[in-house]
Protein chains: 2
Amino acid sequence: MYLRYLEELDGSGQHTASSDALATLCGTTPAQVRKDLSFFGSFGKRGLGYPVHELTVRLREILGLGQAWQVVIVGAGKIGSALAEYRGFRQRGFQVVGVYDKNPDKIGRPWGDAAVRDITELDHDIATQRVDIAVLAIPADDAQEIVDRVVQAGVRAILNFAPTQVHVPAHVAVKTVNMAMELEGLSFALTNRAD
Amino acid sequence: MYLRYLEELDGSGQHTASSDALATLCGTTPAQVRKDLSFFGSFGKRGLGYPVHELTVRLREILGLGQAWQVVIVGAGKIGSALAEYRGFRQRGFQVVGVYDKNPDKIGRPWGDAAVRDITELDHDIATQRVDIAVLAIPADDAQEIVDRVVQAGVRAILNFAPTQVHVPAHVAVKTVNMAMELEGLSFALTNRAD
DNA sequence: GTGTGTGAACGACTTCACAGCC
DNA sequence: GGCTGTGAAGTCGTTCACACAC
């Protein structure tokens, strides 16, 4: 989050930014900003603030954004297709190297300069080319099976859009995005708001 | 999350579930389950566990899922369109009552039995029909402006897919889903993993 | 015996507040 | 005077452990 706003400031020619300024942008507190950043080092100058450009460079390094991570998307439905063409990914160095589906109607359908591939080829493809991250845009019932397979094939990071909890060994990182659950959270907020 | 798994258990004819069983399903701990549920009441029976069906009913009430919330989607790009047709929403009682865009090429394009509407009509439409939740699938630069407008028009809950922090008055609930940021979190995990 | 509900202990994260440097 | 970096204090959430109910 800090990186996003620092890049914005950097783009607008800002050379320096105080914890106060960053806090306002990010919707947090100055003390929080200072503690967070100090975890990784002493970047700021007392009386001045943080050097914007320098800090963006350091944060990119810390986040590992120096390299182009290779991503496969599993599930060529509405969400999967939207993700496959989402610009934000490539812009930030995430290369979509393949889209997979199990539905014969969808396999072979053109996608970019390539085509949607058969999910049965996924294991082989992961073994052949490097795949760093698997994005799952599939039904809940299929999620755990696919997770097991990509983990078995060597993938160490998963972004899961299936509305279910998935279980992985400790060395694998998972982030789950559950849109229906987010909406239910809003439903709760609306129901229990202090009118 | 508990509701999701309780429904599954209910569907499979399970009458009762222990905090231990729920914890395993949800990837948490038994103590956590008991504390969470006890916040809303004493649902369980000692020595038995929680009554599955009864608890799903109560949780739906608590979450406010009894009524059909009306949702508008702003932004008819890839993500917005995917969301507009996402079944999970309607299944859980969220009715998409309109899709809006500012791009003349997209306005009027068919969507369901209706069409994508001009974003300038949004304020008027919200005033005319009830709109409970606005889902934002638009570029970061447009997000705050649209937020201000829908809040002004009376919307009290926002699901934000724009990759930016948005600021709202205290009575408005916002959930932000930032997919690029999730991927960057995975990049960090991959970079700093204990190989 | 089994498994909840819950105060008490614990741990993690946030905020405070100020010394130190620009 | 302004603003960071950071121990100390405070707060919040999680885990423990056990009395109690079934």
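Excluded from the calculations below are hydrogen atoms, water molecules and symmetry mates; all remaining heavy atoms, backbone and side chain alike, are included. Each chain gets a letter, A, B and so on, in the order its sequence line appears, and its residues count up from 1.
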If you check the K35(A) side chain, which of dC22(C), dG7(D), dT4(C) turns out closest? dG7(D)
Can you tell me if Q32(B) touches the phosphate of dT15(D), counting only side-chain N or O atoms and a distance under 4.0 Å to OP1 or OP2? yes
Check whether any side-chain N or O of Y50(A) sits under 4.0 Å from OP1 or OP2 of dC22(C), and answer yes or no. no
Distance-only side-chain donor-acceptor flag, T120(A) / D118(A), under 3.5 Å: yes
Between L22(B) and L6(B), what is the shortest heavy-atom contact and its length? CD2-CD2, 3.8 Å
Take the protein atom CZ of F43(B) and the nucleotide atom C1' of dT6(C), then report the distance between them rounded to whole Å. 15 Å
Is S19(B) near enough to dT4(C) that one of its side-chain N or O atoms lies under 4.0 angstrom from OP1 or OP2? yes
Can you figure out which of dC21(C), dG5(C), dT15(C) approaches the side chain of T29(A) most closely? dT15(C)
Could you work out which one of dG2(D), dT15(D), dC18(D) sits closest to the side chain of R46(A)? dG2(D)
Heavy-atom side-chain contact between M1(B) and R4(B) under 4.5 Å: no
Exercise: do Q144(A) and D148(A) side chains pair donor with acceptor under 3.5 Å: yes
From C-beta outward on R34(A), which listed nucleotide comes closest to its side chain: dA17(D), dC18(C), dC3(D)? dC18(C)
Could you check L48(A) against A31(A) and say which one's nearest nucleotide on DNA chain D is further toward the 5' end? L48(A)
